[in-house]
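Worksheet: one structure, shown below.
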Amino acid sequence: MPELPEVQTIVNELSQTIIGRIIKSCEIKRDSVIDRSSTDFRRAIRNCKFTSISRKGKYLIFQFDKPLWMIVHLRMTGKFILVADHQENRYGRVIFKLDNGLQMIFHDVRCFGTIELSSDIDKHKKLFSLGCDPWDKALTPESLAIKLRHRKASVKSILLNQSIIAGLGNIYASEILFDAKIDPTRVVTKLTLSQLKQLIKSTKKILASALKNNGTTISDYRRVDDKQGTFQNFLKVYGKQGEPCQTCKTPIQKIKQNQRSTFFCKICQR
DNA sequence: AGCGGAACCTGTCGGC
DNA sequence: TGCCGACAGGTTCCGC
């Protein structure tokens with residue numbers, strides 16, 4: 001579900017409300033969401049104060065007032081809800097009770113989401129294996145070309161690989177490739193340096209615009225407290241199969257790549 | 001090494 | 001109406 005712009009929106013909104021708050025207790029409704037026994041988890045997190053919230057790739061990172069971090073991945077359907085009282089909610093998987101009476105609910109229909117605790121964030125394997133941020137200065141056409149030089153996968157597949165660029169998902173991959181006028185099925189080593197340059201440029205452009213719109217709400221993604229993003233109003237290809245391309249009027253194609261939908265214009269994208 | 005497919009879990013939608 | 005398969009914004013594991 002949420003990609004970089006959605007996760008960043010949630011970071012921004014949670015920061016405004018929970019920095020400085022202390023977790024008084026925690027209720028775990030679904031054990032598979034957390035990375036240890038519920039007893040150990042509750043004990044570790046009790047009386048911790050939130051000092052900052054940040055994002056790496058699609059991971060949310062909550063920092064506390066001691067050497068402890070909570071690392072959350074929302075996967076497809078995870079979201080956070082802040083409420084004064086916890087009405088019984090079928091999909092509330094973990095409920096954090098804060099010192100100001102608010103409850104922060106981790107809500108996740110499909111239960112793919114994960115919550116982990118770490119006492120040494122620099123040694124967290126999954127975070128360590130992430131590629132660079134799209135706005136990282138180290139991301140240049142030349143560095144990308146070197147990193148991809150022996151790859152055989154399509155450019156769409158490479159965009160979804162979090163160890164190369166972190167934060168892109170299925171919606172923005174299609175939108176970025178349309179903006180860059182690159183065929184998603186193209187083997188990545190066949191791209192020219194100027195196409196790689198355009199790819200990086202389009203990535204930053206699309207993500208910045210999505211962020212400005214608080215993300216894309218199609219079905220499940222919600223901001224904190226169920227508010228919706230608005231970038232769905234600006235999508236040009238995702239979910240638009242059969243509709244005319246905004247540039248050349250040719251119907252948008254929908255294909256499957258690695259079991260996932262890709263949308264593109266076969267005329268504009270080469 | 002790195003690719004594609006299956007699996008994880010739950011809900012919804014479209015077709016017959 | 002009812003059932004059944006396909007599909008959903010992600011990642012990990014496995015076999016090749």
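Naming: A, B, ... by sequence-line order, numbering from 1 per chain. These numbers come from the heavy atoms of this one structure, side chains and all, not from hydrogens, waters or symmetry mates.
Note on A:Arg151: only backbone sugar-phosphate atoms sit closer than 4.0 angstrom, heavy atoms only; bases stay farther off. Nucleic acid contact class of A:Lys125 (heavy atoms, under 4.0 Å, all strands): none. Across all strands, A:Thr114 comes closer than 4.0 Å to no nucleic acid atom at all (heavy-atom distances). At the heavy-atom level, A:Tyr59 lies under 4.0 Å from the strands shown only through sugar-phosphate atoms. Nucleic acid contact class of A:His150 (heavy atoms, under 4.0 Å, all strands): none.
A:Arg186 has no carboxylate O lying under 4.0 Å from a charged side-chain N of A:Asp183, or vice versa, which leaves the two without a salt bridge. Under a 4.0 Å N-O distance rule, the pair A:Lys126/A:Glu116 qualifies as a salt bridge. For the pair A:Lys236 and A:Glu175, the salt-bridge criterion is not met [side-chain N within less than 4.0 Å of a carboxylate O]. We find that A:Asp31 and A:Arg93 are not joined by a salt bridge, their nearest charged nitrogen and carboxylate oxygen being 4.0 Å or further apart.
When each of C:dA8, B:dC3, C:dG10 is scored by its nearest atom to the side-chain atoms of A:Asn170, the top-ranked nucleotide is C:dG10. For A:Lys126, counting side-chain heavy atoms from C-beta on, the closest listed nucleotide (C:dT12, B:dG4, C:dG10) is C:dT12.
Spacing between atom CG of A:Asn161 and atom P of B:dG5 amounts to 16 Å, rounded to whole angstrom units. Taking atom CD of A:Glu6 as the reference point, atom P of C:dA8 lies 16 Å away to the nearest angstrom. For the pair A:Ile255 CD1 and C:dC7 C1', the computed distance is 16 Å after rounding to whole Å. As a whole-Å value, the separation of A:Ile10 CD1 from C:dG10 P is 13 Å. Between the CG atom of A:Leu74 and the P atom of C:dT11 there is a distance of 10 Å, given to the nearest Å. Whole-Å rounding puts the A:Leu148 CG to B:dG2 P distance at 10 Å. The CG-C1' distance, from A:Asn258 to C:dC7, rounds to 16 Å in whole Å. The interatomic distance linking A:Leu130 (CG) with C:dG10 (P) rounds to 14 Å, in whole Å.
When the side-chain nitrogen and oxygen atoms of A:Thr77 are compared with OP1 and OP2 of C:dA8, none of them lie within a distance under 4.0 Å. Taking side-chain N and O atoms only, A:Gln162 has a distance below 4.0 Å to OP1 or OP2 of C:dT11. Here A:Lys256 reaches the OP1 or OP2 of C:dA8: one of its side-chain N or O atoms lies under 4.0 Å away. A sub-4.0 Å separation between OP1 or OP2 of B:dG2 and a side-chain N or O of A:Lys152 is absent.
The side chain to side chain donor-acceptor pair (under 3.5 Å) test with A:Thr230 singles out one residue from A:Asn214, A:Asn213, A:Thr217, and that residue is A:Asn213. Among A:Lys201, A:Lys204, A:Lys205, the single residue meeting the salt bridge (charged side-chain N to carboxylate O under 4.0 Å, His left out) criterion with A:Asp179 is A:Lys205.
More than 12 heavy atoms of other residues, nucleotides or ligands lie within 6.0 Å of NZ in A:Lys147, so this atom counts as buried by the packing criterion.
Rounded to the nearest Å, the gap between the P atom of C:dC3 and that of B:dC8 is 25 Å. Taking atom P on both nucleotides, C:dG5 is separated from B:dA6 by 16 Å, rounded to a whole Å. Taking the P atom of each, B:dC9 and C:dC14 are spaced 15 Å apart, rounded to whole Å. With P as the reference atom, B:dT12 and C:dT11 are 24 Å apart, rounded to whole Å.
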Under 3.5 Å, N/O pairs linking protein and nucleotides 13-16 of chain C:
none

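Listed for the A:Asp99 side chain is no donor-acceptor partner under 3.5 Å among the backbone atoms of A:Arg21. Side chain of A:Gln228 to backbone of A:Arg223: no donor-acceptor contact under 3.5 angstrom is found. The main-chain N or O of A:Lys256 is never found under 3.5 Å from a side-chain atom of A:Thr262 such that the two would form a donor-acceptor pair. Side chain of A:Gln232 to backbone of A:Gly229: a donor-acceptor contact under 3.5 angstrom is found.
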Sequence-aligned protein contact record of nucleotides 6-16 of chain B, with B where the base is within under 4.0 Å of a protein heavy atom and S where only the sugar-phosphate is: B-BBBS-----

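Base pairing of B:dC9 is not made with any nucleotide, judged by Watson-Crick or G-U wobble geometry with both donor-acceptor distances under 3.5 Å.
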